[in-house]
Amino acid sequence: MEFISTRGKVEKIGFLDAVLMGLADDGGLLIPSEIPQVSASKLKEWSQLSYQDLAYEIFSLYIGEEIPKNELKQLIAESYATFRDPEVTPVRKITDKLYVLELFHGPTFAFKDVALQFLGNLYAYISKKQNEIINILGATSGDTGASAIEGVRGKEGIRICILHPHQKVSKVQELQMTTVHDENVMNLAVKGTFDDCQGMIKDLFADTVFKNQYHLRAINSINFARILAQTVYYFYAYFKVQNADEQKVNFSVPTGNFGDIFAGYLAKRMGLPVNKLILATNENNILERFIKEGVYKPGQFHMTYSPSMDIQVASNFERYLYYLLDENAELVASLMAQFKKEGQITINQENLAKTQELFAAHGVMGAECLQTISAYYQQHQYLLDPHTACGVAAFEQCNGSDEVCITLSTAHPAKFNESIERCNIEQTYPEQIKQLFDKPQYQQVVDNDQDEVVELLKKFFV
Ligand SMILES: Cc1ncc(COP(=O)(O)O)c(C=O)c1O
Ligand SMILES: N[C@@H](CCOP(=O)(O)O)C(=O)O
């Protein structure tokens, strides 16, 4: 399998080079040159597989011979051995219409672990095999950072620096990142928003001289390996729905950077019979507005009960745009340049209709989010975290009466007790989270200033 850029200015490269490149060198995003197709008979075979075996089959389609079979199997086994549930991502049936796909059984209690446990091990593998220096630079609204740090802490040949928006992540998220005291980890708390953090790292990745000099590697969903690992649970969950092939099966996805829902889009393009992708946002609803109106334009930033989705500029939107525009890289490049200049992209009516054929969207306001948490707790004795609650509220709004829906549960409620307490629900913290409160924190608070960050990176990355 070869990889190309959404902006068309990168020579075709293999999977491992795509992982190391992270952001495409022309500023675009890497995607497979062709999307592998999975036949109905293959799907039937896959429906019987364990999570790990399914991951192996799907990964192999993209990795080919670049990692020997037994080594890939070993990487997958190690990555999912850290999960607390033997099914890795179990599916719970809540009602006849609603299933919840629990993605929070990994070490940091968020869906990010599914991809980042694998990517952390993959980086360690590449570092050892190819003697590559791995200096990871990432931005987080709370979950990616904790998960990426957990995936590589203490690993030889790897350093990691994570930027998070100061005082705009939950307390547990902050503690998960900043109580790690390994010398290969640096946490920078930026006085700004997640978009500021993400903007900074994207600029640094786009500066190929700096990127190559300091061997910068990405763990955000700009890295295609993240998307790939996240496609697996769409297949796995679909196979768990009773009589899925006789029903219309939707997925409802709490969305910020458009990464997780893009993985669902990719699964559909590979042949998984997904009916509709329901995009759930909070008050930061740029993506809801895009799906309803065809205009992609950042709005005012809001702090919400679902802080991990407090995102305005969604990295993976560009990947979707590429496919929406019939893989016309030149057009994508010019639209992205226009976005940089004018802060807005508008698609035509034909493309809006195409988008609305597959996507529905609902922006969930704070009161509706809390009300959904309370209602599901009372009626189904099931405690939703605020991001998942947005997904469930969007399911209620957008699911057709003849459709079933799998809502992605992207985090454990214990990570967001600030929001759960507002529903007057007392929850018990898992032991791993409880112990964080006794530990000292290590982080540097910095201004929202790229030069200040660069100086710190130069000292930290060897
Ligand atoms: C708990 C949680 N839910 C949902 C999201 C949104 O996922 P994505 O950015 O892939 O759209 C995030 C972060 O991105 C998250 O941390
Ligand atoms: N919500 C994310 C934001 C970063 O998204 P990513 O999927 O591109 O890593 C987070 O928790 O950090």
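For ligands, and for the atoms within them, numbers begin at 1 and follow the listed sequence. Residue numbers start at 1 and run along the sequence shown. Here the structure is a predicted model, which means the values were calculated and not measured.
Residue H164 places no heavy atom under 4.0 Å from ligand 2. Not a single heavy atom of M309 lies less than 4.0 angstrom from ligand 2. Residue contacts with ligand 2 include S141, since one of its heavy atoms falls under 4.0 Å from the ligand. Not a single heavy atom of G259 sits closer than 4.0 Å to an atom of ligand 2.
In this structure, CD1 on I278 lies 4.5 Å from CG on N250, to the nearest 0.5 angstrom.
For S308, a nitrogen or oxygen atom sits less than 3.5 Å from a nitrogen or oxygen atom of ligand 2, counting backbone and side chain alike.
Under a 4.0 Å criterion applied to the non-hydrogen atoms of T144, ligand 2 contributes the atoms 2 (C), 4 (C), 5 (O), 6 (P), 7 (O), 9 (O), 10 (C), 11 (O), 12 (O). Residue G142 has at least one heavy-atom neighbour below 4.0 Å for each of these atoms of ligand 2: 10 (C), 11 (O), 12 (O). Close approach to F194 involves these atoms of ligand 2, each under 4.0 Å from a residue heavy atom: 3 (C), 4 (C). Each of the following atoms of ligand 2 lies closer than 4.0 Å to a heavy atom of R226: 6 (P), 7 (O), 9 (O).
Closest protein heavy atom to atom 8 (O) of ligand 2: S221 OG, 2.6 Å. Protein heavy atom nearest atom 11 (O) of ligand 2, with residue, atom name and distance: D143 N, 2.8 Å. The protein atom (non-hydrogen) at minimum distance from atom 12 (O) of ligand 2 is T140 OG1, 2.5 Å.
Using modelled atom types and a 3.5 Å distance limit, the side chains of N121 and K155 yield a donor-acceptor pair. Using a 3.5 Å distance cut-off with no hydrogens or angles, the side chains of N424 and Y377 do not pair a donor with an acceptor. Counted by atom type alone, Q198 and N220 present zero donor-acceptor pairs between their side chains at under 3.5 Å. Residues T108 and Q176 bring no donor and acceptor atom of their side chains to less than 3.5 Å of each other.
The backbone N or O of G366 lies less than 3.5 Å from a partner atom in the side chain of E283, making a donor-acceptor pair.
Protein residues having a heavy atom under 4.0 Å from any atom of ligand 1 are F111, K112, D143, P254, T255, G256, N257, F258, G259, D260, S308, M309, H387, T410, A411, listed by chain and number.
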Test side chain to side chain donor-acceptor pair (under 3.5 Å) applied to Y214 and D207, step by step: CA-CA 11 Å; Y214 287 94; D207 176 350; over 6 Å; no
Verdict with supporting geometry, K354 and E357, salt bridge (charged side-chain N to carboxylate O under 4.0 Å, His left out): CA-CA 5 Å; K354 222 157 104 184; E357 249 170 58; over 6 Å; no
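Within a 6.0 Å sphere centred on NZ of K9, other residues, nucleotides and ligands contribute 12 heavy atoms or fewer.
For the pair R84 and F109, the cation sits on the ring face: its NZ or CZ lies under 6.0 Å from the ring centre, inside 45° of the axis. Under the 6.0 Å distance and 45° angle rule, K240 counts as a cation-pi partner of Y236. For R319 and F258, the positive end is not near the middle of the six-membered ring at less than 6.0 Å and at most 45° from its axis.
Taking all heavy atoms of N257, T108, I162 into account, the minimum distance to atom 5 (O) of ligand 2 is reached by N257.
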